[in-house]
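Working notes, beginning with the structure itself.
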Amino acid sequence: MNDKIILYPSNWLYNAGVVGFLRILEFAGKGDTFEFKDDGSVEIQKVALDNFEICYFEYVSKLYLIQRFSLKELTSFVKNLKNKGSEEEKNEIGKVESKVKESENEIQNKILSVNANKDWNGFAKMIYEIQNTLSQKINEIKEELKNILKKETDKKIEQNINKIEKNFKKVFNSIFEFKAQADFLGNFYFNKSEVANPKGRRLERSQKFKEKYLLPVIGSKSGDILCIFCGNRYSEENISELAEGDFSILGISSKKFANFYNYYSKNGISYNRKCSLCQLILLCAFAGFNLKPFSLRELDETDYIFVNYPSFKEAFNVNNKIQEEFKNYQFGTMGEKINTYMKSLELILTISEKKTRWLLENTYFAEIKTSPNKKEGKPKFVYFNIDKAFAEVFNEFDIGKLFKDLSFWYEVYKNNRVYLSTEILKRLLEKKPLIYIAFKMFSEKIRDKDTYMLPIWSIILLEFLINQKRRLNMDAKKSYGILKSIQEEGRRSFSLEEIDKDKRFHISQRFLTLIRGARKEDFYNELLRLFVVYEKPVPETLFSLLTESEEISFQEKALAFLTGFINPEETEILEINKKEEVKNEEAISNNNLYC
């Protein structure tokens with residue numbers, strides 16, 4: 001019997017399963033049982049499967065506890081008491097409030113430090129000790145509050161805090177009873193009774209899992225039947241049909257269209273088969289996904305994300321780093337909000353040993369929102385990939401500053417508030433236009449007489465750079481030079497002594513109306529008339545702005561000009577490539593050549 005298993009990168013769901021499988025092994029203290037290879041594969045010793053059935057459910061228990069534990073309810077209760085108290089009481093309750101936060105951090109760290117145990121009872125003992133520590137902390141906080149406040153509030157404090165503690169007891173008891181594990185996995189796998197049946201007895205669950213999913217892998221035999229996932233051939237006893245429960249997170253149909261579940265058959269031969277090893281890998285996919293902190297579950301209303309990469313070493317490292325970033329953000333140790341996709345790309349370029357455009361083009365973001373069953377709500381699946389143009393621009397330039405200038409919440413449509421940098425990046429990846437957002441933001445800036453143009457400039461420049469790559473594969477430094485020179489012309493054409501800020505807002509409103517309506521001739525006439533009125537010669541560079549061109553659209557040129565015109569004092573300079581800074585003379589030359 002071969003004592004090693006070699007896994008090769010495949011589709012994103014399989015890859016998420018492999019990352020999850022490796023995470024469980026590390027959790028079990030078996031990080032030395034697998035080794036990454038230069039071809040992107042990973043080699044795993046079969047001894048790693050010893051007691052895997054125990055580690056599997058212990059890992060689920062830990063994830064469940066991480067996701068369910070929070071003292072926000074207690075914090076809110078204490079804060080409410082503080083707001084209603086006297087000045088003296090407020091100071092004392094403030095100290096209790098700090099203690100709640102300290103207790104929360106202590107319990108969170110205890111949960112994060114939990115590792116696997118070969119015996120479930122040993123693991124359960126660790127969880128029980130965390131429960132006792134939490135109960136002790138809550139009771140201490142309750143007694144301190146009762147000592148600070150008047151006696152007539154004792155009953156209210158007792159009732160509310162006892163209720164909070166009772167809810168935590170339910171969470172811990174559900175782990176000991178094995179209901180929590182079934183509920184958690186039920187969100188990922190429909191109709192998989194060995195992992196997601198809440199009625200199964202605890203002692204039988206891991207044994208049944210071992211019999212159905214582990215022993216067939218350990219005793220696998222080669223044969224003639226093809227596994228559609230790994231491409232290897234096995235004997236009949238190591239092959240099974242795909243089932244809807246294998247792909248519950250995709251929300252797929254078993255009947256309406258061809259997919260993982262409803263593949264195809266030909267000449268009486270079924271091609272819906274998976275081997276025992278790939279079945280086990282699919283059952284570990286839940287552990288490969290990274291739970292987003294609540295505040296980062298944004299526009300698509302998804303809970304988990306997996307960053308797919310065509311090398312298990314990089315995929316494992318990048319997703320672990322992302323998971324760590326999420327934990328830091330969730331637990332308040334990181335103040336700055338992160339853009340998941342930009343952070344993923346930065347980590348890929350930092351971690352990856354082979355920083356090629358091809359690898360960037362084969363990076364995917366898979367997001368899911370799970371559901372315990374179809375009746376309660378259909379699971380949601382969102383999928384993004386990086387195309388060639390985006391990969392080239394990202395590889396050539398440091399565009400992080402552009403996204404940093406868009407790092408704030410913004411209402412794109414009525415009642416549709418998004419974190420703008422994430423929304424912009426998603427739209428770029430989906431090849432959706434950004435110009436509506438630029439127009440909306442411009443209108444608001446003019447209305448509020450706000451001259452801060454960096455967010456609008458960032459939107460215009462990002463879309464322009466990517467589109468130039470997609471349309472013409474033009475050198476991005478030249479593309480940047482074109483747009484920057486037009487913006488600079490808008491900035492220096494008229495001084496503030498000639499046209500003050502109030503008048504600029506008025507003129508800009510007229511310009512914006514013409515740009516939005518794509519009224520090229522009217523815009524050009526208004527612009528030329530402005531130079532005539534102020535008796536200024538029309539700059540040579542501006543003639544190229546007025547020239548029709550397939551390479552750069554009217555709206556791109558006009559909006560760039562307007563960002564400079566509306567605030568001539570702004571001096572932002574984006575060094576997207578510090579080693580090869582684009583000089584203004586080169587930019588003007590490029591503008592004449594390409595516009």
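- With contacts defined as side-chain heavy-atom distances shorter than 4.5 Å, the pair Ile322/Phe306 does not qualify.
- Heavy atoms only, all atoms of each residue included: Trp457 and Ala560 are closest at CZ3-CB, 4.2 Å.
- Side-chain contact between Phe442 and Leu559: present, with at least one pair of heavy atoms (C-beta onward) separated by less than 4.5 Å.
- When every heavy atom of Ile459 is checked against every heavy atom of Ala438, the shortest pair comes out as CG2-CB, 4.2 Å.
- Remark: Arg504 is positioned above the aromatic ring of Phe565, its terminal NZ or CZ atom under 6.0 angstrom from the ring centre and at most 45 degrees off the axis.
- Not counting sequence neighbours, the partners of Lys445 by the side chain to side chain contact (heavy atoms under 4.5 Å, CB included) test are Met441, Asp450, Tyr452, Met453, Ile456.
- Counting heavy atoms from C-beta outward, Ile368 and Thr370 have side chains that approach closer than 4.5 Å.
- Here the CD1-CG distance, from Ile507 to Leu527, works out to 10.5 Å after rounding to the nearest 0.5 Å.
- The environment of Lys536 atom NZ is dense: over 12 non-hydrogen atoms of other residues, nucleotides or ligands sit within 6.0 angstrom.
- With contacts defined as side-chain heavy-atom distances shorter than 4.5 Å, the pair Leu406/Leu425 does not qualify.
- Across Val78 and Val100, no two heavy atoms sit closer than the pair CG2-CG2, 4.2 Å.
- Without hydrogens or angle criteria, Asp500 side chain to Leu496 main chain gives no donor-acceptor distance under 3.5 Å.
- Using a 4.0 Å cut-off between charged nitrogen and carboxylate oxygen, Lys426 and Glu423 do not count as a salt-bridge pair.
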Evaluation steps, side chain to side chain contact (heavy atoms under 4.5 Å, CB included), between Gln487 and Leu562: CA-CA 7 Å; Gln487 184 197 50; Leu562 201 55; over 6 Å; no
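- For Arg23 (side chain) and Ala287 (main-chain N/O), a donor-acceptor pair under 3.5 Å exists by modelled atom type.
- Legend: residues meeting side chain to side chain contact (heavy atoms under 4.5 Å, CB included) with Ser86, ordered by chain and number and at least two apart, are Glu88, Glu89.
- Atom CD1 of Ile424 and atom CG of Leu402 lie 11.0 Å apart (nearest 0.5 Å).
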For a quick test of your reading: what N or O donor-acceptor pairs under 3.5 Å do the side chains of residues 63-70 make, sequence neighbours left out?
from	atom 1	to	atom 2	distance (Å)
Tyr64	OH	Arg68	NH1	2.7
Gln67	OE1	Tyr304	OH	3.3
Gln67	NE2	Tyr304	OH	3.2
Ser70	OG	Lys72	N	3.2

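- Within 6.0 Å of CD on Glu73 lie no more than 12 heavy atoms contributed by other residues, nucleotides or ligands.
- When only modelled atom types and interatomic distance are considered, Ser443 and Arg516 share a side-chain donor-acceptor pair under 3.5 Å.
- Residue Phe312 comes nearest to Pro9 through the heavy atom pair CE1-N, 3.4 Å, listed as atom of the first residue, atom of the second, then distance.
- Using a 4.0 Å cut-off between charged nitrogen and carboxylate oxygen, Glu97 and Lys101 do not count as a salt-bridge pair.
- To the nearest 0.5 Å, the span separating NZ on Lys484 from CD on Glu489 amounts to 13.0 Å.
- In this structure, OG in Ser508 is found 5.0 Å from CD1 in Ile446, a value given to the nearest 0.5 Å.
- Every ring pair (Phe, Tyr, Trp, His ring centres under 6.0 Å) that Tyr413 has, sequence neighbours left out, goes to Tyr436.
- Electrostatic pairing of Glu488 and Arg491 counts as a salt bridge here, judged by a charged N lying under 4.0 Å from a carboxylate O.
- A 4.5 Å side-chain heavy-atom check between Ser407 and Leu420 finds every atom pair outside the cut-off.
- Counted by atom type alone, Lys292 and Thr302 present one or more donor-acceptor pairs between their side chains at under 3.5 Å.
- Pairs engaging residues 451-463 under the salt bridge (Lys or Arg N to Asp or Glu O under 4.0 Å) rule: none recorded [sequence neighbours left out].
- In this structure, the side chains of Val307 and Glu314 stay at 4.5 Å or more apart for every pair of heavy atoms.
- Rounded to the nearest 0.5 angstrom, Ile305 CD1 and Asn290 CG are separated by 7.5 Å.
- The nearest pair of heavy atoms linking Asn567 to Thr451 is ND2-O, 3.0 Å.
- The ring-ring contact (aromatic ring centres under 6.0 Å, His included) contacts involving residues 492-519 comprise Phe494-Phe531, Phe494-Tyr534, Phe511-Phe523, where partners must be two or more places apart or lie in separate chains.
- In this structure, Val318 and Tyr309 have side chains that are not in contact, with every pair of non-hydrogen atoms separated by 4.5 Å or more.
- Between Asn83 and Lys90, the shortest heavy-atom contact is O-CE, 3.8 Å.
- For Trp12 and Phe381, the ring centers are positioned less than 6.0 Å apart.
- Expressed to the nearest 0.5 Å, how far CG of Asn15 lies from OG of Ser311 amounts to 9.5 Å.
- Ring geometry for Phe408 against Tyr410 counts as perpendicular: the plane angle is over 60°, on a 0 to 90° scale with 30° as the lower cut.
- The side chain to side chain donor-acceptor pair (under 3.5 Å) test applied to Asn80 returns no partner, not counting sequence neighbours.
- Annotation: side chain to side chain contact (heavy atoms under 4.5 Å, CB included) contacts of Gln555 (sequence neighbours excluded): Ile435, Phe439, Ile515, Ala518, Ser553.
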Side chain to side chain contact (heavy atoms under 4.5 Å, CB included) assessment of Leu514 paired with Lys520: CA-CA 7 Å; Leu514 298 175; Lys520 297 189 287 284; over 6 Å; no
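- Applying the salt bridge (Lys or Arg N to Asp or Glu O under 4.0 Å) rule to Arg529 yields the partners Glu526; only residues at least two apart in sequence or on another chain are considered.
- Side-chain contact between Val96 and Lys82 is absent, with no heavy atoms from C-beta onward closer than 4.5 Å.
- Contacts of Glu102 classified as salt bridge (Lys or Arg N to Asp or Glu O under 4.0 Å), with partners at least two apart in sequence or in another chain: none.
- With Asp405 contributing its side chain and Ser458 its backbone, the two residues share no donor-acceptor pair below 3.5 Å.
- Residues satisfying the salt bridge (Lys or Arg N to Asp or Glu O under 4.0 Å) test with Lys99, not counting sequence neighbours, are Glu140, Glu144.
- Under the salt bridge (Lys or Arg N to Asp or Glu O under 4.0 Å) criterion, Lys163 pairs with no residue, sequence neighbours left out.
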